[in-house]
Structures are given as structure tokens and as C-alpha cells.
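As C-alpha cells, the structure follows; a few thoughts come after it.
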Amino acid sequence: MTTRRIVLTRGAALVGAASTSLLLPTIARSQSDRIRVGLMLPYTGTFAQLGVAIENGVRMAIDERGGKLGGRTIEWFKVDDESEPSKGVENAQRLVQRDKVDVLIGTVHSGVQMGIHRVARDTGVLNIIPNAGVHAATRSLCAPNVFRTSFTNSQPTLALGKPMMDKGLKRTVWITWKYAAGEEAFEGFKESYTKAGGTIVRELGLPFPNVEFQALLTEIASLRPDAVACFFAGGGAAKFIRDYAAAGLKDRIPLWGSGFLTEGVLDAAGPAAEGIMTTMHYADSLDTPRNKQFRLAYAKAFRLQPDVYAVQGYDSGLLLSQGMEAVKGDFGNKKALYAAMEKQTIDSPRGKWTMSPSHNPIQDMYLRRVENKDNKVVGIAAKALADSGAGCRMAG
Ligand code: PHB
């Protein structure tokens with residue numbers, strides 16, 4: 001288990017330096033003026049890059065707003081969750097019980113999220129979800145202290161079916177990792193594609209994070225569908241794209257997907273990714289001053305190109321920071337803080353978005369095409385798309 005715990009604030013150095021009794025009252029006050037922020041993200045495994053992008057985004061948003069939260073100095077804590085669901089509860093408890101974080105930002109993997117969710121509901125700690133799309137978190141198990149800045153797993157694929165049918169792709173094979181994210185992405189795809197008149201000829205799957213795609217690609221070749229649609233992400237997505245091309249399918253059967261397929265992987269996937277069509281709540285090439293300014297600042301700060309995960313991290317930082325500013329740092333007043341967070345409009349690089357009653361973004365979905373290692377916007381696939389929030393009863 002790799003647990004990294006860091007405490008790094010300008011304030012930490014101050015506390016260490018202050019050794020005279022004369023300074024003690026000031027120290028006591030400055031400590032209570034602090035806020036403890038825990039990051040529970042994958043830093044190893046197939047989603048490692050996603051975790052890094054999210055952390056970069058969170059820090060960048062907070063730094064841009066002065067590096068504090070409602071005037072409070074931040075102490076940071078980190079845990080590598082390895083995208084390992086069996087350790088989800090234990091890792092969340094480390095942050096909440098041992099490190100006593102006030103806010104837990106995490107995570108990427110839907111299975112791990114359910115562990116965080118249990119701890120968040122049991123302890124009441126504020127949880128901001130910067131990626132994992134598991135439906136229950138903002139549907140049947142929604143909670144006043146849980147906010148998502150990303151998407152539900154079926155949101156991107158609810159926008160996928162119609163553009164495929166518009167292109168005359170009437171028979172599709174679906175393929176994914178068999179766990180909550182893939183299965184719920186399929187729900188969105190099935191609903192939108194069958195409603196538009198399409199036929200799903202086969203559902204294929206393999207366990208997460210397996211990348212032995214060969215037998216399934218052979219099956220696709222023999223089924224000869226009009227198109228393939230999928231959910232994959234991170235390192236596994238890059239491998240799927242390369243294997244799809246290597247199997248000779250790229251020029252015969254168009255590849256479509258939930259946009260994660262082509263996020264943060266375009267360098268690793270190379271020419272095999274050109275032409276892939278996806279739907280997603282962000283696109284690199286969004287032609288707005290806000291997105292351009294964000295991309296320049298991110299590239300300058302981290303020497304990396306941002307992707308949807310960086311944007312979701314950035315928006316998590318914005319949501320927390322704007323909420324804390326609205327209550328002037330009065331973190332103890334949870335009712336006021338959560339009411340303020342519910343009301344925020346987030347001026348995101350993806351476009352402005354607001355929070356649904358079940359605490360999930362209401363947002364546009366873009367249709368994108370990979371061109372010259374870029375996710376180019378082709379159009380808007382769905383405007384102001386909200387998740388159903390089915391079964392959500394917000395207590396308290
Ligand atoms: C998830 O497990 O919810 C998940 C992981 C990676 C993504 C999207 C969703 O890119």
C-alpha cells in the first residue's frame with residue numbers, strides 16, 4: 001500500500017519556526033484558521049495520469065484565487081487509492097480519521113468512490129467528487145455533503161446514440177470494462193441509441209483493468225457491425241485504440257465512444273486515434289477565451305497539456321474556493337456552506353455550469369473528432385444535459 005502523506009503549506013514553516021512563548025497565542029489561532037484538504041486519487045495503475053491531472057487542476061484553481069480557502073491556510077494530505085475498490089473504505093478512513101481532513105476530494109474509479117461514499121455518509125465529511133461517475137452517489141444515495149463536479153457515467157453516452165444514427169451507423173457492438181463505470185455508460189448508450197432507432201448487436205466486456213483485447217477484437221471483426229462504441233479510459237484506452245488499429249479494424253469499422261477514450265492519451269495512442277468520434281463535456285479546442293486562458297496557464301504551470309480530468313480538478317477547486325469565500329471561511333457553518341456551493345455557477349473551461357438538485361453538473365455535451373492529436377469540436381451533442389438524479393432524497 002502506498003500512502004503518501006504530505007503537509008505542505010507556507011504556514012507549516014511558520015509553525016516550525018515559532019518557538020518562543022511570546023508567539024504561542026498567534027500559533028494557536030493560526031492553527032484553527034487552517035483547513036485540512038485530503039486528496040484521495042489514483043497515483044499508480046491505469047488511472048495514474050488522471051489522478052495527477054486532477055490534483056494539478058485543484059491546486060491551480062486555488063492558487064489563482066490566492067492560495068487560501070475563505071482566508072484559511074490549507075494543509076494538504078494525500079493518499080494513493082490505486083483504483084482499488086477493496087481498499088476504498090480504509091483509504092478514506094485514513095484521511096478522515098487519522099488525518100482529520102475537513103474536505104475529501106476524490107476519486108476517479110466508481111468502485112473506490114463507493115468506499116469514500118460510505119465514509120462520507122457515516123462521518124458527514126464534505127466530499128467533492130472530481131471524476132467517478134457512479135450513479136448512486138448523486139441518485140439513490142445522494143447526500144447533502146457530497147458534490148460532484150464531473151458527470152454521471154451515463155451523461156456522456158446519453159449524447160452518443162443520436163449522432164451515430166445521424167451518420168447512418170445502424171448496427172453497433174458495445175465494448176467496455178465490466179464494472180460500474182462501463183455498465184452505467186452502457187445504460188446511457190442503450191437509451192440514446194435505441195431511442196434513435198439503432199440496434200446493439202452485441203455487448204462485449206472484460207474485467208477492469210484487463211487490457212487483453214485480442215479475442216474480443218477478433219469477435220468484432222467477425223460480427224461486422226457498422227460501428228463500435230465503448231467506454232475505456234487512461235492507459236487502457238490508449239492500448240485499446242492501438243490494438244483496434246493493429247487488428248485492422250480502424251479503416252473498416254468506425255470507433256466511437258464516451259469521450260474518456262481519447263482524453264490524455266492522444267500522444268500515447270498516436271495515429272491510431274485519428275478520426276475517433278466521441279461525446280464529452282469538454283474539448284481541447286473549445287474556442288472560448290476562458291478555455292484558451294486556462295490551457296495556456298495550465299501548460300505553463302505543469303509543462304503538460306490539460307485534459308478533461310484537469311478541468312474537473314480545476315472546477316473542484318473553484319467550487320470549494322467559491323463556497324468558502326461565500327461563507328467567509330466559516331467552515332463550521334455547514335448548512336450555509338452547502339447552500340452556497342449549491343448556488344454557485346462554475347465558470348469552467350468547459351463552459352459555465354450549475355449544480356443539479358442532486359449535486360451533479362448540468363452541462364453541455366460536445367461531439368468531438370480526433371484530428372492531429374486534438375479533440376476537435378464538431379458540434380454540440382446535447383445542451384444543458386442534467387442527470388435524472390433518480391431516487392435522490394436530500395436529507396437535512
Ligand atoms: C469511473 O470509474 O467512474 C471512471 C473512471 C475513469 C473515467 C471515467 C469514469 O475516465
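FYI, the numbering just counts along the sequence from 1. Please read these numbers as outputs of a predicted model, since none were measured by experiment. When a ligand or atom number is given, it counts from 1 through the structure's own listing order.
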Measure the acute angle between the ring planes of F260 and F151, then classify it against the limits of 30° and 60° as parallel, tilted or perpendicular.
tilted
What protein heavy atom is closest to atom 3 (O) of ligand 1, reported as residue, atom name and distance in Å?
S110 OG, 2.6 Å
Show me which atoms of ligand 1 lie under 4.0 Å from any heavy atom of G133.
3 (O)
Just jot down the ligand 1 atoms closer than 4.0 angstrom to any heavy atom of H109, in number order.
2 (O)
Report all side-chain donor-acceptor pairs from residues 198-216 shorter than 3.5 Å, counting only partners two or more places apart or in another chain.
{"from": "R202", "atom 1": "NH1", "to": "E219", "atom 2": "OE2", "distance (Å)": "2.8"}
{"from": "N210", "atom 1": "OD1", "to": "E212", "atom 2": "N", "distance (Å)": "2.8"}

For atom 1 (C) of ligand 1, closest protein heavy-atom neighbour
V108 O, 3.1 Å
Number the atoms of ligand 1 from 1 as they appear, then name those within less than 4.0 Å of a heavy atom of N153, with their elements.
3 (O), 9 (C)
Suppose I only count heavy atoms of A181 and a 4.0 Å limit; which atoms of ligand 1 are within that range?
1 (C), 2 (O), 3 (O), 4 (C)
Less than 3.5 Å between some nitrogen or oxygen of Y309 and one of ligand 1, yes or no?
yes
Using a 4.0 Å heavy-atom cut-off, which part of A233 comes near ligand 1: side chain, backbone, both, or neither?
side chain
For ligand 1, is there an N or O atom under 3.5 Å from any N or O atom of A132?
no
Is the shortest side-chain N to carboxylate O distance from K292 to D287 below 4.0 Å?
yes
Salt-bridged, R369 to E274, with N to O below 4.0 Å?
no
Between Y193 and F189, what is the ring plane arrangement, given parallel below 30°, perpendicular above 60°, and tilted in between?
parallel
Quick one: do D374 and K376 make a salt bridge, cutoff under 4.0 Å?
yes
Is Y179 close to ligand 1, meaning an N/O of one under 3.5 Å from an N/O of the other?
yes
Check W177 against ligand 1 and report side chain, backbone, both or neither, counting heavy atoms closer than 4.0 Å.
neither
Look at atom 9 (C) of ligand 1 and say which protein heavy atom is nearest, naming residue and atom and giving the distance to 0.1 Å.
N131 ND2, 3.5 Å
May I ask you to decide whether R59 forms a salt bridge with E55, counting only side-chain N to carboxylate O separations under 4.0 Å?
yes
Taking the inter-plane angle between the rings of Y179 and H109 on a 0 to 90° scale, is it parallel (under 30°), tilted (30 to 60°) or perpendicular (over 60°)?
parallel
